[in-house]
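Counting convention: from 1, in listed order, for ligands and their atoms alike. In what follows, residues are counted from 1 in the order of the sequence shown.
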Amino acid sequence: MSNERKIIRLPDAAALAQAAAERLIARIEANGGRAAVCLTGGSSPERLYRLLATEPYRNRIPWRRVHWFIGDERFVPPEDSRNNMAMARRLFLDVCAPPENIHPIPVQAGTTRDAARRYEIALQTFYGSGRLDPARPLFDLVLMGLGPDGHTASLFPGDAALDERARWVVGVAHANVEPLVPRVTLTLPTLASCREMLFEVSGADKRAILARVLEGEDLPASRVRSLGDTVWLVDTAALPETSHDT
Ligand code: 6PG
């Protein structure tokens with residue numbers, strides 16, 4: 001296990017999305033069997049999702065053997081535009097992936113707690129065990145984004161979800177940022193169970209919070225790590241001037 005965070009600098013958002021697509025395809029290719037990708041919400045991955053539905057990327061993905069999960073969800077109906085999986089479905093999954101390979105968080109459940117339990121069972125059934133084995137990661141790739149307060153997935157600073165070690169998925173009553181709706185999120189050990197965790201950070205409005213992460217402040221996005229590789233794709237606009245990581 002490497003605790004190091006690798007930072008890769010890209011000139012702009014377009015190059016960053018291409019680099020992310022290449023890394024995603026490389027992880028799928030490295031797994032000759034059933035591959036699992038955990039997607040993220042927010043605006044950062046939109047460009048990547050569009051690319052995946054576009055040639056030459058679309059043709060390079062063996063869609064039948066790739067399963068798509070989501071790291072966190074806003075507790076709004078599946079057709080609501082704020083729903084994270086709805087965004088991924090609209091941008092690439094619905095036109096490319098077999099429906100049975102798309103695994104949304106069940107927001108139709110009565111409460112975030114029920115939705116979390118049901119998603120936990122879905123993940124454990126897919127994995128074939130209720131215990132995560134460090135030698136056998138759940139996901140090939142986990143995509144992540146960086147929020148303005150240092151949150152990632154729906155793990156917000158100071159929230160109890162951040163300290164959860166037993167549950168794979170939990171409900172979060174209050175979000176720190178818009179949209180201010182309850183959330184459901186995978187927990188740190190679940191997100192860590194991957195061969196690669198890949199952050200996409202782009203644009204000047206991310207620079208201040210990225211500086212805080214790189215300075216080592218205790219924020220959710222600073223804490224989260226893969227058991228395998230943790231890679232941050234950062235474009236020039238987002239990279240703090242004092243940073244020497246590239
Ligand atoms: C969500 C996300 C969240 C997101 C960050 C960054 O549900 O909102 O999963 O963790 O990744 O807030 O969001 P942007 O990409 O929109 O900046």
Asker: Between M144 and ligand 1, which part of the residue brings a heavy atom under 4.0 Å of the ligand: side chain, backbone, both or neither?
Answerer: neither

Asker: Pull out every atom of ligand 1 sitting under 4.0 Å from any heavy atom of G41, numbered as shown with elements.
Answerer: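 Near G41, the atoms of ligand 1 are 2 (C), 9 (O), 11 (O).
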
Asker: Have T185 and D72 got a donor and an acceptor in their side chains that come within less than 3.5 Å?
Answerer: no

Asker: Do L39 and F69 have side chains that approach each other closer than 4.5 Å (heavy atoms only, starting at C-beta)?
Answerer: no

Asker: More than 12 foreign heavy atoms under 6.0 Å from CZ of R136: is that the case here?
Answerer: yes

Asker: Report the part of R74 in contact with ligand 1, treating N, CA, C, O as backbone and CB onward as side chain, heavy atoms under 4.0 Å; options are side chain, backbone, both, neither.
Answerer: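 The answer is the side chain of R74.
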
Asker: If you have a sec, work out which protein heavy atom is nearest atom 13 (O) of ligand 1 and how many Å separate them, to one decimal?
Answerer: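 Ranked first by proximity to atom 13 (O) of ligand 1 is G42 CA, 3.9 Å.
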
Asker: Does some non-hydrogen atom of K206 fall short of 4.0 Å from ligand 1?
Answerer: yes

Asker: In the protein, what heavy atom is nearest to atom 9 (O) of ligand 1, and what distance, to one decimal place, separates them?
Answerer: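 Result: D72 OD1, 2.6 Å.
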
Asker: So, are E73 and R183 salt-bridged, with charged N and O less than 4.0 Å apart?
Answerer: no

Asker: Is any side-chain heavy atom of T190 less than 4.5 Å from a side-chain heavy atom of L138?
Answerer: yes

Asker: Before accepting this row, confirm whether a basic side-chain N of the pair R223/D163 lies closer than 4.0 Å to the acidic partner's carboxylate O.
Answerer: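 D163 and R223: salt-bridged.
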
Asker: With atoms numbered from 1 as shown, which atoms in ligand 1 lie under 4.0 angstrom from a non-hydrogen atom of R183?
Answerer: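 Those qualifying, in numeric order: 1 (C), 7 (O), 8 (O).
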
Asker: Can you list the ligand 1 atoms lying under 4.0 Å from a non-hydrogen atom of S43?
Answerer: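 Counting from 1, the qualifying ligand atoms are 14 (P), 15 (O), 16 (O), 17 (O).
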
Asker: Considering only non-hydrogen protein atoms, determine which one is nearest to atom 6 (C) of ligand 1 and report residue, atom name and distance to 0.1 Å.
Answerer: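 For atom 6 (C) of ligand 1, the nearest protein heavy atom is L146 O, 3.5 Å.
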
Asker: When you look for heavy atoms under 4.0 Å from ligand 1, do you find them on the side chain of A153, its backbone, both, or neither?
Answerer: backbone

Asker: Can you figure out which of V184, D205, N84 has its heavy atom closest to atom 7 (O) of ligand 1?
Answerer: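 Nearest option to atom 7 (O) of ligand 1, by heavy atoms: N84.
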
Asker: Out of L48, I7, I8, which one pairs with L233 under the side-chain contact (heavy atoms from CB on, under 4.5 Å) rule?
Answerer: I8

Asker: Will you find, in the side chains of N83 and R74, an N or O donor that is under 3.5 Å from an N or O acceptor?
Answerer: no

Asker: For atom 15 (O) of ligand 1, grab the closest protein heavy atom and report residue, atom and distance to one decimal in Å.
Answerer: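 Nearest neighbour among protein heavy atoms for atom 15 (O) of ligand 1, to 0.1 Å: S44 OG, 2.5 Å.
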
Asker: Give the atoms of ligand 1, by number and element, whose distance to some non-hydrogen atom of T40 is under 4.0 Å.
Answerer: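 Selected atoms, number and element: 9 (O), 11 (O).
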
Asker: Near G145, which atoms of ligand 1 are under 4.0 Å from a heavy atom of that residue?
Answerer: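 Those atoms are 11 (O).
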
Asker: Please write down residue, atom name and distance for the protein heavy atom closest to atom 5 (C) of ligand 1.
Answerer: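 Here the nearest protein heavy atom works out to H151 NE2, 3.6 Å.
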
Asker: Quick check: are there more than 12 heavy atoms from other residues, nucleotides or ligands sitting under 6.0 Å from CZ of R207?
Answerer: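 It does: R207 CZ has more than 12 such atoms within range.
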
Asker: Run the side chain to side chain contact (heavy atoms under 4.5 Å, CB included) test on L93 and Y49 for me, step by step, so that the C-alpha distance in whole Å, both residues' side-chain angles and the decisive distance to 0.1 Å come before the verdict.
Answerer: CA-CA 8 Å; L93 290 176; Y49 294 171; over 6 Å; no

Asker: For ligand 1, note which part of V177 has a heavy atom under 4.0 Å away: side chain, backbone, both or neither.
Answerer: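 No part of V177 is near ligand 1 at this cut-off.
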
